[in-house]
Number of protein chains: 2
Amino acid sequence: MPGHPSRIELERGTDRAELRAAVHADLRVPPQDGPGPDLRADARHNRERILGAAREAFATRGLDVPMAAIARRAGVGVATLYRRFPSRESLVVEVFADQLTACASTVDDALADPDPWRGFTTAIEKICAMQLADRGFATAFMTAFPAATGYEHTRAHAERRFAELVRRAKEAGRLRADFDSADLVLLLKAVCGVTADAGEAAAASSRRLVAYLLQSFEAGRTAPLPPPPPLDLGHLHPVAPR
Amino acid sequence: MPGHPSRIELERGTDRAELRAAVHADLRVPPQDGPGPDLRADARHNRERILGAAREAFATRGLDVPMAAIARRAGVGVATLYRRFPSRESLVVEVFADQLTACASTVDDALADPDPWRGFTTAIEKICAMQLADRGFATAFMTAFPAATGYEHTRAHAERRFAELVRRAKEAGRLRADFDSADLVLLLKAVCGVTADAGEAAAASSRRLVAYLLQSFEAGRTAPLPPPPPLDLGHLHPVAPR
DNA sequence: CGGCAAACGGACGGGGTGCTCCACTTAGGC
DNA sequence: GCCTAAGTGGAGCACCCCGTCCGTTTGCCG
């Protein structure tokens, strides 16, 4: 585990104008990995049905829902599903593209908040709410899909912006200095653990955990917080789990 | 989900002497669900091998490791495994009986500490360390096995003692008043989420998360901590997941 | 309207797991 | 040492999931 390149990159000095330019670049680059224009009418229709079914299935059952279940829910044969989306990853990437950009703009909105700390907390709360609403979100967010350049690009954007959010909140003296950007994945994983098969209690559990952690993130805690975080937003699972 | 009976029971006023008596009763009741005395020598031997293999497998691969893997590791046929332990649950119960009592005595030790807060924190840290050392521990701890009366008994004991630990820490003014005993399962689940397939980072992640949460548990945080915990040590999964 | 390529869906082989049945082996009392 | 019941292991069955192949259907262009 030699070094954490992305964290270094995240902390690299970039002024506001540069950042904004980078953002626009980010958002322009992936125009859509999308449908591919030359699809027969019925094929395009089925593609939409598949995406809808997958979105629903991922949200309620998580990312490792059987492909056959998605196909059935979409009223489509398995072959059709696989023809349109050769790998589960491609389907995940397509389904969570919107959510990912939504997540990114959530962070952007948070940066627009004049109060850095409020921006930080609301960003975290909203992100966790996204995980609560969609059981697959956090996994999709924390899994790396090297092939999907657009996806990776927007994620990287969100990460960079989040790091900026962290920097500002620290600068304002509201966020503890030893907070690390990677603590976001810590929090997300924790929320995952707390919401996994918690049924109706999931929402309240998540909210309470997030409240606890946010209060701990706030500056003023003199306690040393012993262990540094070894995991980084940069090196995630290269492929979806299992 | 009407009410949380066990929590009510936990908070019921019991003085120290009564508690100690109850503890001894608890510890005497399950003498062992154990081997069953009338086993042939080779059978007893195989039983031990199975338990060892299962312990190892559960620790490294989690509670849902394939039964065949356990049998193979034990150098035993699958049938032997199933004859000795008809259900996966029975095996889990047997394997984690020791760890559970170890957990219980950890809490007891913590109660012996003259400093209630230090007792509280070390108890939590040790329990989380147990989860770190054994990937199956938290799941085994948080899963209810209604059939295994001894197991359930010692768990109930540990829970009651932990509630006492909480009460004392609050009384000493070191633990925030709105802490709930059920927050222990919140923490355990969170640690699970953070350590699950985190590989080498598991230890550091767990330690950091626990440190964050412990600091948040400490009294002095004036923020209201909005949502109350809906899940309770009392109603857990009736059976092991999947 | 006719024909072809695109699209479809179910069947299928392969791998993995849970659990059982049954023919063989062996411990240990006599 | 023998005999029997306890014990054993692996084959086998049922199920689930993945991903592909192939015979059939259908959109769409001429």
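On a predicted model such as this, the values are computed, not experimentally measured, just so you know. Residue numbers start from 1 in every chain, and the chains themselves are labelled A, B, ... in the order their sequence lines are given, proteins ahead of strands.
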Set of side-chain contact (heavy atoms from CB on, under 4.5 Å) partners for [X], sequence neighbours left out:
{"X": "A/Pro86", "result": "A/Ser90"}
{"X": "B/Ala140", "result": "B/Leu63, B/Val92, B/Phe96, B/Tyr151"}
{"X": "B/Thr195", "result": "B/Gln131, B/Leu132, B/Val191, B/Ala202, B/Ser206"}
{"X": "B/Ala54", "result": "B/Phe58, B/Ile70, B/Leu91, B/Val95"}

For [X] and [N], what is the distance between atoms [atom1] and [atom2] respectively, to the nearest whole Å?
{"X": "A/Ile50", "N": "C/dG9", "atom1": "CD1", "atom2": "P", "value": "9 Å"}
{"X": "B/Asp38", "N": "D/dG7", "atom1": "CG", "atom2": "C1'", "value": "13 Å"}
{"X": "B/Arg61", "N": "C/dT17", "atom1": "CZ", "atom2": "P", "value": "8 Å"}
{"X": "B/Asp64", "N": "C/dC19", "atom1": "CG", "atom2": "P", "value": "13 Å"}
{"X": "A/Arg88", "N": "D/dT20", "atom1": "CZ", "atom2": "P", "value": "14 Å"}
{"X": "A/Met67", "N": "C/dG10", "atom1": "CE", "atom2": "C1'", "value": "17 Å"}
{"X": "A/Arg72", "N": "D/dC16", "atom1": "CZ", "atom2": "C1'", "value": "11 Å"}
{"X": "B/Arg73", "N": "D/dG9", "atom1": "CZ", "atom2": "P", "value": "18 Å"}

* Looking at residues at least two apart in the chain, or sitting in another chain, which of them share a side-chain hydrogen bond (donor to acceptor under 3.5 Å, both in side chains) with B/Gln99? -> B/Asp134
* Structure fact -> Residues passing the side-chain hydrogen bond (donor to acceptor under 3.5 Å, both in side chains) test with A/Asp42, sequence neighbours excluded, are A/Arg40
* Asked: Can you check whether B/Glu94 reaches B/Arg47 side chain to side chain, under 4.5 Å on heavy atoms?
  -> yes
* Structure fact -> Axis-to-axis angle across the helix from C/dC1-D/dG30 to C/dC30-D/dG1, five pairs each end, nearest 10 degrees, ~ 10°
* Which residues satisfy the ring pair (Phe, Tyr, Trp, His ring centres under 6.0 Å) test with A/Phe217, sequence neighbours excluded? ->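 Result, ring pair (Phe, Tyr, Trp, His ring centres under 6.0 Å) vs A/Phe217: A/Phe179, B/Tyr212.
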* At under 4.0 Å between heavy atoms, which parts of nucleotides 24-30 of chain D does protein reach? Answer with one letter per nucleotide, 5' to 3': B base, S sugar-phosphate only, - none. => --BSS--
* Asked: Where along residues 74-87 of chain A does a heavy atom fall under 4.0 Å from DNA chain C?
  ->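 Within residues 74-87 of chain A, the residues near DNA chain C are A/Gly75, A/Val76, A/Gly77, A/Ala79, A/Thr80, A/Arg83, A/Arg84.
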* Asked: Which is it for A/Phe85 and A/Val93 under the side chain to side chain contact (heavy atoms under 4.5 Å, CB included) test, yes or no, and what are the steps along the way?
  -> CA-CA 10 Å; A/Phe85 303 95; A/Val93 163; over 6 Å; no
* Structure fact -> Residue pairs passing the salt bridge (charged side-chain N to carboxylate O under 4.0 Å, His left out) test with at least one member in residues 68-81 of chain B, sequence neighbours excluded, are B/Glu56-B/Arg73
* To do: Ignoring backbone atoms, establish whether B/Asn46 has a side-chain N or O less than 4.0 Å from OP1 or OP2 of D/dG7.
  =>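 False: B/Asn46 side-chain N/O out of range (4.0 Å or more) of D/dG7 OP1/OP2.
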* Taking it one step at a time, do B/Asp98 and B/Arg55 satisfy side chain to side chain contact (heavy atoms under 4.5 Å, CB included)? -> CA-CA 11 Å; B/Asp98 315 5; B/Arg55 201 177 331 270; 4.0 Å; yes
